[in-house]
Trainee: 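One structure is given below, represented as structure tokens, and several questions about it will come after.
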Amino acid sequence: MTDVASLRPLLAVAAAALAIPLILASHRRPDLRDGWSVLAAVVQFVVVASMLPEVLAGDEFRWSAGAYAPGVEFALQADALGMLFAALASLLWVFTAFYGIGYMRGLEETNQTRFFAAFAGSLASAVGIAFAANLVTLFVFYELLSVSTYPLVAHDQTDEARAAGRKYLLYTFFGGGVLVLGGTVLVYSLAGTTSFGATTAGLTTADPALAKAAFAMLAAGFGVKAALMPAHSWLPDAMVAPTPVSGLLHAVAVVKAGVFGIARLVLDVYEPGLVEDLGVGLPLAAVAAFTLLAASVIALRQDRLKRRLAYSTISQLSYIVLGLALLDPTAITGGLLHIPAHAFMKLTLFFCAGIIHVETHTDHISEMDGIGKRMPLTMVAFAIAAAGMAGIPLVAGFVSKWFLLIGALEADKAIFAVALLVSGVLNIAYFWPIVYGAFFESPDEADEKPLVEGTLGGHVGPRPIQPIRPASAGDGESALGGAFASSSSGSRDEPAPLEDGEYAVDRHPSDHGAAERAGEEQSAAEGDHRDAGDEDGHSEGDVADDGANEHDDHDHEIHHGGPGPGGWQVRAWNGDESTWLMLGPILAAVAGAVVLGIVPYEAQFLELVEVVVEEVTA
């Protein structure tokens with residue numbers, strides 16, 4: 001292994017950071033502003049990719065700003081593990097940059113300049129975490145990531161969005177950050193350094209109780225961003241953010257920064273041998289196993305698509321942590337490979353949720369029966385990614401989960417292999433109804449959703465389209481948005497029950513604040529009432545019918561969510577369902593998931609993972 005002094009790790013971080021002032025300065029020229037975002041993403045990826053061949057050959061690129069104290073310096077280092085995260089984040093940012101433009105313009109979102117500037121800051125911080133050469137540098141970028149993503153979580157500026165943003169900061173910045181800082185200080189006091197690869201010797205001879213305490217603090221601190229239970233609730237609440245942000249949180253930067261921190265902890269700060277000697281691997285594996293099962297069960301009960309995906313993320317991240325905690329080389333390989341596998345698949349799923357929202361304003365699974373006619377390419381991509389999440393062959397999730405399953409058996413921990421298999425079944429249980437409903441059911445005849453809230457064995461029967469009723473300020477979300485969710489009695493003909501003024505099946509909106517949607521529908525209802533009083537003598541019902549005739553089904557979908565009175569429009573398979581600014585990234589992301597599932601070596605990620613595992617187990 002050879003250290004090569006180079007500016008390239010710094011340039012990879014700077015490519016995104018320098019885009020921030022350029023984006024802000026171009027706020028009056030949207031095309032130029034968005035161009036800076038795309039250019040920064042491409043430049044960052046090119047810089048990162050330029051280091052890949054040498055890193056695979058065993059070299060490491062290093063840049064240092066100098067030491068501030070003995071054993072403490074601000075330094076960046078591109079090694080195999082860091083390259084795994086940096087290459088993934090920078091590549092997926094290219095997809096997300098294009099998708100974000102299509103999404104934000106499609107909804108005519110406000111504060112787009114701030115959005116793209118914060119996005120660039122988030123990716124600069126994520127790559128800084130990837131290339132951090134020690135715990136101190138990692139901590140700095142870890143906290144910068146929390147700060148830069150806060151404006152994205154609170155983007156809508158509704159009360160709910162601000163509350164979600166505050167909770168996000170409380171958990172990740174103050175909670176997780178303080179624990180990481182405390183663990184870093186304790187490691188430094190025990191080992192005399194925080195540099196990766198140099199701490200193990202000092203920790204081996206330190207007081208075991210203190211070494212265990214440092215490990216626990218760091219694991220808990222990184223576990224907050226990785227959404228390990230019980231520090232997970234910030235993640236579903238953060239789904240109030242725009243969908244590109246959800247993709248950033250779940251697939252690219254934030255949660256991956258958490259599992260990457262745990263990977264650094266297990267593989268570079270302590271190393272697998274010391275983790276085993278201290279006996280701290282098994283408790284971490286137990287927490288991960290509990291999280292992956294519990295989150296999968298909770299996902300079954302979510303009618304909001306983005307919240308179901310959020311709990312799926314919590315479960316899938318624990319696969320990575322479990323693979324690392326088992327300490328077996330094969331399990332570690334599976335855990336690390338699941339970082340890119342999950343990223344491609346989950347980004348596809350969130351992109352699909354976002355494009356459905358933009359085109360139809362449909363967020364509830366219970367409203368998506370038959371939507372495959374309206375969004376054929378989108379739902380095919382969703383089905384492929386969902387299959388991969390469940391571990392079906394030929395998609396990335398199968399390869400990583402195969403390594404995890406074999407690794408658990410090789411480590412003589414069959415109980416964790418059973419947990420993995422059960423979780424796979426639960427993945428099918430909460431993804432299959434979405435796919436089946438989209439392609440094989442219709443809005444007027446469908447099984448109940450969410451799966452576990454229906455009668456035993458499900459119920460099939462007519463489901464009439466309910467009239468849109470005006471929403472009061474306390475309703476929490478539109479009437480149609482929850483009208484088709486299953487009631488506690490299992491009837492399809494009654495609206496979902498309200499709890500504190502909100503639909504009990506799922507009380508958190510995904511892309512826009514509840515007050516905003518309620519206000520829009522209230523205005524529409526008032527407009528119908530005014531029309532009803534016109535001198536032409538039409539009744540209120542006649543005017544409502546006339547208004548429906550003035551707009552096609554597509555307009556109805558955009559303004560109210562769910563299918564129009566005539567059902568979903570049938571769109572061609574040539575991209576007619578939306579713009580290619582959003583469809584293109586969806587197809588690129590799902591293609592990446594398939595490539596990684598069929599030829600993982602050619603995709604470079606498995607080769608990088610094997611370099612990492614060889615270094616830490618040699």
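The structure displayed is predicted, hence computed values, not measured ones.
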Trainee: Give every residue pair that meets the side-chain hydrogen bond (donor to acceptor under 3.5 Å, both in side chains) criterion with at least one member in residues 71-89, sequence neighbours excluded.
Mentor: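 Of all non-adjacent pairs touching residues 71-89, those that pass side-chain hydrogen bond (donor to acceptor under 3.5 Å, both in side chains) are Glu60-Gln77, Arg62-Glu73, Arg62-Gln77, Ser64-Glu73, Asp79-Arg264.
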
Trainee: Tyr171 and Ser233: side-chain donor and acceptor closer than 3.5 Å?
Mentor: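 There is such a pair (donor and acceptor under 3.5 Å, judged by atom type) between the side chains of Tyr171 and Ser233.
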
Trainee: If only side-chain N and O atoms count, and only distance matters, is there a donor-acceptor pair under 3.5 Å linking Ser312 with Tyr430?
Mentor: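 Distance-only check passes for Tyr430 and Ser312.
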
Trainee: Taking Thr137 for its side chain and Asn134 for its backbone only, find out whether a donor-acceptor pair lies under 3.5 Å.
Mentor: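 Not a single qualifying donor-acceptor pair exists.
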
Trainee: Any idea which heavy atoms bring Leu409 and Ala417 closest together, and the distance?
Mentor: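 Minimum heavy-atom separation between Leu409 and Ala417: CD2-CB, 3.9 Å.
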
Trainee: Tell me, do Val616 and Glu271 make a side-chain contact under 4.5 Å, heavy atoms counted?
Mentor: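 No. Closest side-chain heavy atoms not under 4.5 Å.
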
Trainee: Do the side chains of Phe351 and Thr96 get nearer than 4.5 Å, heavy atoms only?
Mentor: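 Sidechains of Phe351 and Thr96: in contact.
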
Trainee: Short question: side chain of Gln302, backbone of Ile298 - any donor-acceptor pair under 3.5 Å?
Mentor: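 Checked: pair present.
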
Trainee: Please report whether the ring centroid of Tyr142 lies less than 6.0 Å from that of Phe222.
Mentor: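 Yes, close enough.
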
Trainee: After noting the C-alpha distance and the side-chain angles of Leu284 and Phe215, does the key distance pass the side-chain contact (heavy atoms from CB on, under 4.5 Å) rule?
Mentor: CA-CA 10 Å; Leu284 181 60; Phe215 184 94; 4.3 Å; yes

Trainee: Report yes if the side chains of Val224 and Trp234 come closer than 4.5 Å at any heavy-atom pair, otherwise no.
Mentor: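 Touching, per the 4.5 Å side-chain cut-off.
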
Trainee: If only atom types and distance count, is the side chain of Thr348 paired as donor or acceptor with the main-chain N or O of Val590 below 3.5 Å?
Mentor: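 Pair found, side chain donor or acceptor close to backbone of Val590.
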
Trainee: With rounding to the nearest 0.5 angstrom, report the OG1 to CD1 distance, Thr617 to Ile332.
Mentor: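 With rounding to 0.5 Å, OG1 (Thr617) is 7.0 Å from CD1 (Ile332).
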
Trainee: Hey, are the side chains of Leu52 and Leu608 touching, using non-hydrogen atoms and a 4.5 Å cut-off?
Mentor: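 Leu52 reaches Leu608 side chain to side chain.
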
Trainee: Could you list all the salt bridge (Lys or Arg N to Asp or Glu O under 4.0 Å) pairs where at least one residue sits in residues 167-189, not counting sequence neighbours?
Mentor: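 Of all non-adjacent pairs touching residues 167-189, those that pass salt bridge (Lys or Arg N to Asp or Glu O under 4.0 Å) are Lys167-Asp237.
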
Trainee: Test your reading of the model: is there a side-chain donor-acceptor pair from Ser122 to the backbone of Ala118, 3.5 Å cut-off?
Mentor: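 Judged by distance alone, yes, a pair lies under 3.5 Å.
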
Trainee: Looking only at heavy atoms, what is the nearest atom pair of Gly407 and Asp328, with distance?
Mentor: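 Here Gly407 and Asp328 meet closest at CA-OD2, 3.5 Å.
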
Trainee: Stepwise, does the side-chain contact (heavy atoms from CB on, under 4.5 Å) test hold for Leu88 with Phe344?
Mentor: CA-CA 9 Å; Leu88 177 68; Phe344 280 102; 4.0 Å; yes

Trainee: Ignoring hydrogens and geometry, is there a side-chain-to-backbone donor-acceptor pair from Trp402 to Pro393 under 3.5 Å?
Mentor: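 Checked: no pair found.
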
Trainee: Looking at Thr194 and Val72, would you say the former's side chain and the latter's main chain have a donor-acceptor pair under 3.5 Å?
Mentor: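 No; zero donor-acceptor contacts below 3.5 Å.
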
Trainee: May I have all residue pairs that pass side-chain hydrogen bond (donor to acceptor under 3.5 Å, both in side chains) and include part of residues 205-215, sequence neighbours excluded?
Mentor: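 The answer is none; no pair qualifies.
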
Trainee: Quick one: does any side-chain atom of Tyr319 pair with a main-chain N or O of His338 as donor and acceptor, under 3.5 Å?
Mentor: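 Flag not set: sc Tyr319 to bb His338 has no pair under 3.5 Å.
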
Trainee: Could you tell me whether the side chain of Tyr270 and the main chain of Ala211 form a donor-acceptor pair under 3.5 Å?
Mentor: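 Such a contact is found between Tyr270 side chain and Ala211 backbone.
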
Trainee: Pair Leu218, Leu135 - check side-chain contact (heavy atoms from CB on, under 4.5 Å), show working.
Mentor: CA-CA 10 Å; Leu218 289 169; Leu135 281 171; 4.3 Å; yes

Trainee: Hey, is the main chain of Phe196 close enough, under 3.5 Å, to the side chain of Thr199 for a donor-acceptor pair?
Mentor: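 Such a contact is absent between Thr199 side chain and Phe196 backbone.
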
Trainee: Minimum heavy-atom separation for Gly128 to Leu76, with atom names?
Mentor: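 Between these two residues, the closest heavy atoms are O-CD2, 4.2 Å.
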
Trainee: Taking all non-hydrogen atoms of both residues, which atom of Tyr188 and which atom of Thr193 are closest, and how far apart?
Mentor: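 Taking every non-hydrogen atom into account, CD1-N, 3.7 Å.
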
Trainee: I'd like a table of donor-acceptor pairs (distance under 3.5 Å, sequence neighbours excluded) in which one partner is a side-chain atom from residues 4-12, with atom names and distances.
Mentor:
| residue | atom | partner | partner atom | Å |
| --- | --- | --- | --- | --- |
| Ser6 | OG | Arg8 | N | 3.1 |
| Arg8 | NH1 | Ser50 | O | 3.2 |
| Arg8 | NH1 | Ser50 | OG | 3.3 |

Trainee: Within the 4.5 Å heavy-atom criterion, are Gln604 and Leu56 side-chain neighbours or not?
Mentor: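 Side-chain contact under 4.5 Å: yes.
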
Trainee: Does any non-hydrogen side-chain atom of Leu300 lie less than 4.5 Å from one of Leu426?
Mentor: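 The answer is yes, as the side chains (C-beta and beyond) meet within the 4.5 Å cut-off.
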
Trainee: Please walk me through it: do Phe260 and Ile339 pass side-chain contact (heavy atoms from CB on, under 4.5 Å)?
Mentor: CA-CA 9 Å; Phe260 178 80; Ile339 294 177; 5.5 Å; no

Trainee: How would you list all residue pairs meeting salt bridge (Lys or Arg N to Asp or Glu O under 4.0 Å) that involve residues 394-423, not counting sequence neighbours?
Mentor: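 Residue pairs with at least one partner in residues 394-423: there are none.
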
Trainee: Of all the heavy-atom pairs spanning Val94 and Ala41, show the shortest one and how long it is.
Mentor: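 Minimum heavy-atom separation between Val94 and Ala41: CG2-O, 3.7 Å.
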
Trainee: Are Met83 and Val611 side-chain neighbours, meaning at least one heavy-atom pair lies under 4.5 Å?
Mentor: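 They are not in side-chain contact.
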
Trainee: Between OG1 of Thr204 and CG of Asp277, what distance do you get to the nearest 0.5 Å?
Mentor: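 Rounded to the nearest 0.5 Å, the OG1-CG separation comes to 7.5 Å.
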
Trainee: Are Ser296 and Ser315 close enough that a side-chain donor and a side-chain acceptor fall under 3.5 Å?
Mentor: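 Per modelled atom types, Ser296 and Ser315 side chains form a pair under 3.5 Å.
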
Trainee: Suppose we screen for side-chain hydrogen bond (donor to acceptor under 3.5 Å, both in side chains). Which residues come up paired with Tyr68, at least two apart in sequence or across chains?
Mentor: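 Tyr68: no side-chain hydrogen bond (donor to acceptor under 3.5 Å, both in side chains) contacts found.
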
Trainee: Assess whether atom CZ of Phe290 is packed by more than 12 heavy atoms of other residues, nucleotides or ligands within 6.0 Å.
Mentor: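 Atom CZ in Phe290 is not packed in, count stays at 12 or less.
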
Trainee: Is it true that a side-chain atom of Thr291 and a backbone atom of Val287 form a donor plus acceptor pair closer than 3.5 Å?
Mentor: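 Between the backbone of Val287 and the side chain of Thr291 there is a qualifying donor-acceptor contact (under 3.5 Å).
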
Trainee: Hey, are the side chains of Ile262 and Leu228 touching, using non-hydrogen atoms and a 4.5 Å cut-off?
Mentor: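 When only atoms from C-beta onward are counted, Leu228 and Ile262 do touch, with a gap below 4.5 Å.
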
Trainee: Looking at every heavy atom in both Gly221 and Leu179, which two are closest together, and how far apart are they?
Mentor: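 Heavy atoms of Gly221 and Leu179 come nearest at CA-CB, 3.7 Å.
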
